[in-house]
Amino acid sequence: MNMAKYFGTDGFRGEANKDLTAVHAYEIGRFLGWYYGREHHAHIVIGKDPRRSSYMLEYAVSAGVTASGADAYLLHVTTTPSVSYVARTEGFDCGVMISASHNPFYDNGIKLMNSSGEKMEESTIQLIEDHLDGKKLLDGFFQNGIPLAEKEDIGRVVDHSAGRNRYMGYLLSLAVHSFEGKKVALDCANGSAWNIAPHIFEALGAETHVINAEPNGLNINADAGSTHIEGLRRYVVENQMDVGFAYDGDADRCLAVDERGNLVDGDQILYLCGRYLQEQGQLMNNTIVTTVMSNFGLYQALDEVGIQYAKTGVGDKYVYEHMVRNGDSIGGEQSGHIIFSKYARTGDGILTSLKVMEVMLAKKASLSRLTAPVRILPQVLINVRVKD
């Protein structure tokens, strides 16, 4: 069991400057720059969501990275999956995303990814934890703390908005149908998706209506996005949209709203995309990977069409690990974290919305019709207070 002190399944997260401080961020940068730069000059890519404290943490991580002699490439405000994509396709040693996802603005987090764009290995995370705790001797690594780079060895900070643009180009390249004639509403949660998702839907020809795309650092996820979907449901009905999509703060998850204003959650998205893959002969192992939180109604609907399913612990990390081990093509969580292993190493909200559009257009069917076979059954989630 992972008893990590700082990093949970989704990175180091807490209230900014209380649980997660600029000093933590600097020391994480110091470690990454040194660790990946032991054998060559390291390159580390960094993205952030638009919350107020993300700028402070981005500069602190960058200062640490460059002080250790590595180069920090800044994607600026961008989505978590874009950092994963850029790390994996452009030869970076690792990726850093500064975001607390769907949490309120005063929280923040640091998510670390390896050079394949996957969540960083536990063994490396453990070394970072030891470093943060001031442990001096790590398997003979550094007895006197991490050395500071000097003279020409000090790293540099590079503007890398080009990486974000390449990621947008990649998403556009995955669309197989024009969205012409479709009215689509996007709720960007005043977060990372605000300057990416609308451009992509417009470029693909949709009549795009956007709400909650004016981030000011304090309004991320505030009555907006996938955790507060009521606003989008109202908007879709009042403006007679064909479909609505809601992202969370760092856009690694997506929930949808059908043309009648009904919520389409991650389980229903798994069903309609998995069913479509099955019909295309592309559902590897004829299996969809779910978590123990998935609704029983999803399993009933999958049984009816002969699709098998696996259940993992809660967390997209466990879904992804199972998919990699078994070569599965789709998996995810009720919360809207959907992983398409052919295209990404992480949940990607914008990619998910493009895939839902693909199914609607390929089958010339409304979202309500495509999700009708899934009868969501009552489900109770009870939080139990424990002593420790």
Side-chain angles (χ1 to χ4, degrees), residues 81 170-171 173-179 182 184 204 242-243 245 252-259 262-316 318-377 379:
Y170 173 65
L171 287 181
S173 77
L174 298 179
V176 288
H177 302 272
S178 158
F179 294 177
K182 288 289 177 202
V184 182
L204 291 170
D242 293 305
V243 62
F245 296 106
D252 62 353
R253 58 167 90 174
C254 162
L255 294 177
V257 171
D258 71 20
E259 74 286 359
N262 298 312
L263 166 66
V264 174
D265 69 10
D267 284 344
Q268 291 158 295
I269 292 171
L270 281 174
Y271 174 82
L272 77 106
C273 291
R275 175 89 173 110
Y276 179 66
L277 285 170
Q278 181 197 38
E279 289 165 356
Q280 302 294 305
Q282 291 174 4
L283 184 63
M284 305 305 286
N285 306 320
N286 191 39
T287 298
I288 292 176
V289 183
T290 68
T291 74
V292 291
M293 292 280 285
S294 278
N295 192 280
F296 187 64
L298 168 64
Y299 300 126
Q300 284 185 327
L302 293 177
D303 285 338
E304 278 164 32
V305 292
I307 292 177
Q308 295 170 327
Y309 40 85
K311 295 184 192 184
T312 74
V314 178
D316 55 327
Y318 302 114
V319 173
Y320 180 71
E321 283 171 0
H322 187 283
M323 291 173 71
V324 170
R325 264 199 318 274
N326 299 282
D328 300 310
S329 39
I330 184 171
E333 299 186 283
Q334 202 177 47
S335 61
H337 263 132
I338 312 291
I339 301 171
F340 295 90
S341 61
K342 185 175 174 183
Y343 307 108
R345 303 282 180 272
T346 164
D348 185 333
I350 302 175
L351 170 64
T352 300
S353 54
L354 295 177
K355 287 289 164 194
V356 170
M357 290 296 293
E358 181 181 329
V359 180
M360 288 171 62
L361 290 158
K363 303 192 70 161
K364 299 185 172 54
S366 67
L367 190 52
S368 63
R369 204 179 103 207
L370 291 166
T371 55
V374 186
R375 289 176 296 280
I376 295 297
L377 302 171
Q379 188 173 13

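Source: prediction; values computed, not measured.
Rounded to the nearest 0.5 Å, atoms CG (Leu361) and OG (Ser178) are 8.0 Å apart. Considering OG of Ser335 and CE of Met293, their distance stands at 8.0 Å, rounded to 0.5 Å. The line from CZ of Phe245 to CD1 of Ile350 is 11.5 Å long, rounded to the nearest 0.5 Å.
Thr287 pairs by the side chain to side chain contact (heavy atoms under 4.5 Å, CB included) definition with Asn285, Gln308, Ala310, Asp328, not counting sequence neighbours. Evaluation of the side chain to side chain contact (heavy atoms under 4.5 Å, CB included) rule for Val324 yields Tyr320 as partners, not counting sequence neighbours. By the salt bridge (Lys or Arg N to Asp or Glu O under 4.0 Å) test, Asp316 is found to be paired with Lys119, residues two or more places apart in sequence or in another chain being considered. Looking at residues two or more places apart in sequence or on another chain, you find no side chain to side chain donor-acceptor pair (under 3.5 Å) involving Thr291. By the side chain to side chain donor-acceptor pair (under 3.5 Å) test, Asn262 is found to be paired with Asp258, residues two or more places apart in sequence or in another chain being considered. Partners of Tyr299 under the side chain to side chain donor-acceptor pair (under 3.5 Å) rule, at least two apart in sequence or in another chain, are Thr290. Residues passing the side chain to side chain contact (heavy atoms under 4.5 Å, CB included) test with Thr346 are Pro81, Ser84, sequence neighbours excluded. A search for side chain to side chain donor-acceptor pair (under 3.5 Å) contacts involving Ser368 returns Glu259, Ser366, not counting sequence neighbours.
Side-chain atoms of Val243 and Lys182, non-hydrogen and from C-beta on, never get closer than 4.5 Å to each other. Residues Leu351 and Leu174 form a side-chain contact, since some pair of their non-hydrogen atoms from C-beta on lies under 4.5 Å apart.
Counting only residues at least two apart or in different chains, salt bridge (Lys or Arg N to Asp or Glu O under 4.0 Å) contacts with residues 290-303 are absent. For the ring pair (Phe, Tyr, Trp, His ring centres under 6.0 Å) condition, no pair includes a residue of residues 273-292, sequence neighbours left out. For residues 335-360, no pair satisfies ring pair (Phe, Tyr, Trp, His ring centres under 6.0 Å), with sequence neighbours left out. Contacts classified as salt bridge (Lys or Arg N to Asp or Glu O under 4.0 Å) and involving residues 338-365 (residues at least two apart or in different chains) are given here: Glu279-Lys363, Lys355-Glu358.
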- Please report the C-alpha distance between Val374 and Leu302 in whole Å, then the side-chain angles of each, then the deciding distance to 0.1 Å, and finally whether the side chain to side chain contact (heavy atoms under 4.5 Å, CB included) criterion is met. CA-CA 8 Å; Val374 186; Leu302 293 177; over 6 Å; no
- Checking side chain to side chain contact (heavy atoms under 4.5 Å, CB included) for the pair Leu255/Val264: CA distance, chi angles, key distance, verdict? CA-CA 6 Å; Leu255 294 177; Val264 174; over 6 Å; no
- Chi angles and distances behind the side chain to side chain contact (heavy atoms under 4.5 Å, CB included) call for Val289, Leu270: CA-CA 9 Å; Val289 183; Leu270 281 174; over 6 Å; no
- Query: Please walk me through it: do Asn295 and Asp265 pass side chain to side chain contact (heavy atoms under 4.5 Å, CB included)?
  - Reply: CA-CA 10 Å; Asn295 192 280; Asp265 69 10; 5.8 Å; no
